[in-house]
Amino acid sequence: MRGIRYVTLNPTGNITRLVLEPVSPDERPGVTAAMMAEVIPGEPACEQVGYLEEADDPACVARLSMMGGEFCGNAAMATAAFLRSGEAGISRLLLEVSGA
């Protein structure tokens, strides 16, 4: 698997990897499978992988897309936690989420 920028988040006890760069829909099944199976030294195994994208709605700061197009509340909370702190530093946000 090519090097892909991501963060591992655990805001509610359900570990999520959030991909921070564009990955084509055709590549996502392989990327998701590799991230779910990959054991990363010092990091726990993840339970889901989400993809951070540019939102369609200009009022939203980002879009979270899950591999199957489903809604995942834990991944949405992980994305909000990431966007509100650390690298992104957004204090208030409106987020698009697949399946919602």
Side-chain angles (χ1 to χ4, degrees):
M1 180 175 76
R2 67 184 171 93
I4 293 178
R5 236 173 40 97
Y6 68 90
V7 291
T8 301
L9 303 156
N10 184 11
T12 62
N14 194 351
I15 298 164
T16 301
R17 290 214 170 98
L18 181 61
V19 176
L20 304 177
E21 62 186 66
V23 175
S24 75
D26 292 343
E27 290 182 287
R28 288 182 183 183
V31 170
T32 298
M35 285 194 161
M36 296 282 293
E38 190 171 88
V39 177
I40 300 169
E43 290 189 22
C46 76
E47 298 178 46
Q48 65 256 336
V49 177
Y51 295 84
L52 192 59
E53 304 173 328
E54 189 173 318
D56 293 329
D57 183 340
C60 295
V61 297
R63 174 178 176 79
L64 168 66
S65 290
M66 301 303 290
M67 232 290 303
E70 75 277 15
F71 175 79
C72 179
N74 185 73
M77 287 188 289
T79 301
F82 171 73
L83 291 173
R84 286 183 55 110
S85 65
E87 188 174 319
I90 297 168
S91 62
R92 280 189 74 149
L93 61 96
L94 183 58
L95 182 65
E96 278 182 13
V97 181
S98 63

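Note that these values count all heavy atoms, side chains included, but never hydrogens, waters or copies made by symmetry. Heads up: numbering here begins at 1 and tracks the sequence.
- Inter-residue side-chain proximity for Asn10 and Asn14 is flagged as unmet; no heavy-atom pair is nearer than 4.5 Å.
- Looking at Arg63, its side chain never comes within 3.5 Å of a backbone N or O of Leu52 through a donor-acceptor pair.
- In terms of hydrophobic clustering, with Ile, Leu, Val, Met, Phe, Trp and Tyr side chains grouped at heavy-atom distances under 4.5 Å, Met36 and Val31 are assigned to a common cluster.
- Arg28 CZ to Met67 CE: the interatomic distance, rounded to the nearest 0.5 Å, is 9.0 Å.
- Applying the side-chain hydrogen bond (donor to acceptor under 3.5 Å, both in side chains) criterion to Thr16, with sequence neighbours excluded, gives Gln48, Asn74.
- Put simply, the side chain of Cys60 does not reach to within 4.5 Å of the side chain of Leu95, judged on heavy atoms.
- In terms of the side-chain contact (heavy atoms from CB on, under 4.5 Å) criterion, residue partners of Asp56 (sequence neighbours excluded) are, by chain and number, Glu96.
- Nearest heavy atom pair, residue Glu21 against residue Gly3, reads OE2-O, 4.0 Å.
- For the atom pair CE (Met35) and CG (Leu18), the distance works out to 9.5 Å, reported to the nearest 0.5 Å.
- The line from OG1 of Thr79 to CG of Leu9 is 7.5 Å long, rounded to the nearest 0.5 Å.
- Under the 3.5 Å distance criterion, the side-chain polar atoms of Glu70 are matched with a main-chain donor or acceptor of Gly68.
- Taking Ala37 as the reference, nothing meets the side-chain contact (heavy atoms from CB on, under 4.5 Å) condition, with sequence neighbours excluded.
- Under the 4.5 Å side-chain heavy-atom criterion for Ile, Leu, Val, Met, Phe, Trp and Tyr, Val61 and Leu20 are members of the same hydrophobic cluster.
- Taking both residues in full, the closest heavy atoms of Ala62 and Leu83 are given as CB-CD1, 4.1 Å, listed atom of the first, atom of the second, then distance.
- Side-chain contact, Ser98 with Tyr51: no donor N or O sits under 3.5 Å from an acceptor N or O.
- In this structure the side chain of Val7 never reaches within 4.5 angstrom of the side chain of Val19, judged on heavy atoms.
- Across all non-hydrogen atoms, the minimal contact from Arg17 to Thr8 is NE-OG1, 3.1 Å.
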